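When a ligand or atom number is given, it counts from 1 through the structure's own listing order. Being a predicted model, the structure only gives us computed values, none of them experimental.
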Amino acid sequence: MSTVALPPTDDLRARARACLDRIGVVVPEGDDLYARTPITGEDLFGLKGSGAAETEAAVAAAHETFLAWRSTPAPRRGDVVRRFGDLVREHHDDLAELITLEVGKIGAEAYGEVQEMIDIADYAVGLSRQLYGRVIASERAGHRMVESWHPLGVVGVISAFNFPAAVWSWNTAVALVCGDTVVWKPSEQASLIALACDRLLARAAEESGAPAGIHHLVLGGRETGEALVDDPRVALVSATGSVPMGRAVGPRVAARFGRSLLELGGNNAAIIAPSADLELALPAVLFAAAGTAGQRCTSLRRLIVHRDVVDELLPRLTAAFERLAVGDPFDKDTLVGPLISPAPLETMRKAIARVTDDGGKLLVGGDRVETTPESAAAYVRPAVVRIDAHSPVVREETFAPLLYVLTYDTLEEAIALQNDVPQGLSASIFTRDQQEAEIFLSAVGADTGLVNVNLGTSGAEIGGAFGGEKETGGGRACGSDAWHAYMRRSTSVVNYSGEVALAQNISFS
Ligand code: NAD
């Protein structure tokens with residue numbers, strides 16, 4: 001395809017309006033910020049943002065509601081999340097369409113993102129009956145030691161553009177059953193989706209008898225986020241976004257002894273071992289690198305290929321990249337939609353220029369795909385660059401479809417390359433050698449929060465704890481025991497012996 005034929009922005013605006021109407025959203029029109037579609041690069045609506053006073057009021061109301069919500073039995077708190085999940089099922093198509101309209105995801109991926117919201121709602125409803133602590137053996141006779149988990153307070157959720165609904169729902173569904181209330185500051189690039197999610201949750205609260213104040217939405221950019229970061233009533237700031245954002249948020253929350261859960265950038269790698277099943281590896285690599293136009297935190301950015309298989313793999317990989325259909329994300333044949341804005345396209349171009357200056361060879365892609373009519377929309381062909389020499393640019397996250405291919409001789413060397421980046425989100429290995437797979441998963445293997453064998457780096461399930469190490473921030477969201485981050489723990493000892501007994505056998509008589 002030489003150019004992308006764009007639909008008229010008026011049609012996209014009408015589609016957005018129809019989805020919002022079906023969900024019951026009244027768009028707060030204004031000129032503080034703009035809802036834009038990356039499909040044409042044009043504005044859909046001007047919106048009223050939340051100023052300092054509104055954000056303060058939202059936190060105050062969330063805190064006030066928390067004081068009652070924390071005493072609602074957890075399984076009853078689950079009722080609101082159950083109803084929310086039902087409403088998301090009812091509006092699956094509308095939400096997916098809004099995701100495509102506002103962040104440019106292709107239909108299948110937008111639909112999958114909404115499925116993730118349903119999955120986490122189901123998970124959280126089950127969790128609402130499983131917020132259990134432990135009974136711990138006491139060293140003193142006639143004493144019982146228990147650990148209990150209690151609601152934490154107001155959770156401030158700051159989210160990124162690329163998972164505009166799912167990431168919020170991971171946090172919110174779990175926080176609500178844990179007895180917390182939520183104030184959400186979505187990405188300024190995804191306000192319409194946020195309005196839709198907020199409306200559905202408000203309906204769920206109303207229909208399940210939960211207080212309306214369990215959830216508040218504040219629209220705006222960095223400054224609105226900072227108001228949550230600095231407010232001592234916000235017990236936990238769960239912030240998803242770039243490493244620079246986390247670098248700003250983490251220390252500010254820590255300075256007031258608040259808690260933060262940081263889900264930041266990745267620089268994910270997959271290793272292709274000599275025994276890899278290439279039929280399995282190729283489509284997995286293709287999706288991980290080019291899916292979501294390379295705009296997932298878990299997108300594959302580095303492919304570390306054994307020297308014995310690189311000559312077989314590379315021509316097949318570049319041919320597959322060449323065949324990728326780039327275009328209108330509403331078109332059923334499109335696999336790669338637009339980038340969120342022209343800025344990442346520029347970053348991608350610069351990264352390609354730097355890596356080729358350092359001895360890399362551009363094998364395919366990297367060129368902008370023109371649109372008809374001409375527009376500011378940023379469509380790009382996913383690129384593959386082979387680089388055998390060292391280049392610092394490979395250690396950076398370029399949030400666009402750009403895959404570096406590196407080669408290796410020994411597994412130790414491959415693991416060292418995988419780990420030689422500041423970020424630590426996701427890693428995978430393609431191998432049929434079990435010993436190799438086990439080493440990769442072991443303490444001397446990949447140092448990331450997500451480590452896979454024979455699948456790509458992206459596409460995690462909500463049942464596991466999601467997040468990464470190093471500059472990825474160390475936070476964990478979703479399943480497993482990630483709910484602990486949304487609660488406070490108390491350790492309690494009950495003395496039923498009728499005698500004074502000090503720990504460590506201390507005598508104080
Ligand atoms: P971003 O950092 O530009 O913005 C993320 C959010 O933070 C937005 O809501 C923004 O308004 C807010 N923000 C920015 N600076 C802030 C500050 N100083 N104080 C408070 N709030 C602030 O990120 P983006 O471009 O929207 O998303 C892409 C990035 O997010 C990538 O780096 C990607 O890897 C990362 N990401 C990580 C995960 C994960 O789970 N690890 C998931 C999705 C995206």
Could an N or O of ligand 1 be found under 3.5 Å from any N or O of Glu188, whether backbone or side chain?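 Between Glu188 and ligand 1 (N or O atoms, distance only) the closest approach is under 3.5 Å.
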Polar-atom distance check: Ser159 versus ligand 1, any N or O pair below 3.5 Å?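 There is such a contact, yes.
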Which residue from [options] reaches closest to [atom] through any of its heavy atoms?
| atom | options | value |
| --- | --- | --- |
| atom 33 (C) of ligand 1 | Phe399, Trp184, Phe161, Phe163 | Phe399 |
| atom 35 (C) of ligand 1 | Ala160, Gly241, Pro164, Ala343 | Gly241 |
| atom 15 (N) of ligand 1 | Lys185, Met245, Glu471 | Met245 |
| atom 5 (C) of ligand 1 | Thr240, Val253, Ile158 | Thr240 |

Is any side-chain heavy atom of His92 closer than 4.5 Å to one of Ile118?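 A side-chain contact exists here, since the closest heavy-atom pair is under 4.5 Å.
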Does a salt bridge link Glu97 with Arg17, judged by any charged N lying under 4.0 Å from a carboxylate O?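 Here Glu97 does not pair with Arg17 in a salt bridge, since their nearest N and O are not under 4.0 Å apart.
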Taking Arg252 first and then Glu226, would you say they form a salt bridge - that is, a charged N and a carboxylate O separated by under 4.0 Å?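 Counted as a salt bridge, because a side-chain N and a carboxylate O are separated by less than 4.0 Å.
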Heavy atoms only, cut-off 4.0 Å: how does [X] contact ligand 1, side chain, backbone, both, or neither?
| X | value |
| --- | --- |
| Glu397 | side chain |
| Leu264 | backbone |
| Gln295 | neither |
| Leu228 | neither |
| Pro186 | backbone |
| Ser242 | both |

CG-CD distance between Leu195 and Glu102, expressed to the nearest 0.5 angstrom: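 Output value for this atom pair is 8.5 Å.
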How far does CD1 of Ile120 sit from SG of Cys478, to the nearest 0.5 angstrom?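 Spacing of CD1 (Ile120) from SG (Cys478) equals 4.5 Å.
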Heavy-atom nearest neighbour in the protein, as seen from [atom], with distance rounded to 0.1 Å:
| atom | answer |
| --- | --- |
| atom 40 (O) of ligand 1 | Phe466 CE2, 3.1 Å |
| atom 44 (C) of ligand 1 | Asn162 OD1, 3.1 Å |
| atom 36 (N) of ligand 1 | Cys297 CB, 3.6 Å |
| atom 17 (C) of ligand 1 | Arg222 CG, 3.4 Å |

Over 12 non-hydrogen atoms of neighbours within 6.0 angstrom of [atom1] in [X]:
| X | atom1 | answer |
| --- | --- | --- |
| Glu64 | CD | no |
| Glu346 | CD | yes |
| Glu29 | CD | yes |

Taking only heavy atoms of [X] into account, list the atoms of ligand 1 that are under 4.0 Å away from them.
| X | value |
| --- | --- |
| Gly225 | 20 (C), 21 (N) |
| Ala248 | 18 (N) |
| Ser187 | 9 (O) |
| Glu226 | 18 (N), 19 (N), 20 (C) |

When the ring centroid of Trp168 is compared with that of Phe84, is the distance short of 6.0 Å?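 Yes, ring centres under 6.0 Å apart.
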Are the aromatic rings of His63 and Trp69 close, with centres under 6.0 Å apart?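 No: the rings miss the under 6.0 Å criterion.
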Say whether Ala239 and ligand 1 are in contact under the criterion: heavy-atom distance to a ligand atom below 4.0 Å.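 Distance cut 4.0 Å: Ala239 fails for ligand 1.
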By the definition salt bridge (Lys or Arg N to Asp or Glu O under 4.0 Å), identify the one residue from Lys350, Arg301, Arg302, Arg354 that meets it with Glu396.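 Per the salt bridge (Lys or Arg N to Asp or Glu O under 4.0 Å) rule, the option paired with Glu396 is Arg354, out of Lys350, Arg301, Arg302, Arg354.
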Residues in ring-ring contact (aromatic ring centres under 6.0 Å, His included) contact with Trp149, at least two apart in sequence or another chain: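 For Trp149 the ring-ring contact (aromatic ring centres under 6.0 Å, His included) partners, ignoring immediate neighbours, are Trp483, His484.
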Heavy-atom distance from atom 23 (O) of ligand 1 to the protein below 4.0 Å?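 When distances to the protein are checked, atom 23 (O) of ligand 1 has a heavy atom within 4.0 Å.
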Going by the ring pair (Phe, Tyr, Trp, His ring centres under 6.0 Å) test, which pairs reach into residues 249-271, not counting sequence neighbours?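 Ring pair (Phe, Tyr, Trp, His ring centres under 6.0 Å) check on residues 249-271 returns no pairs.
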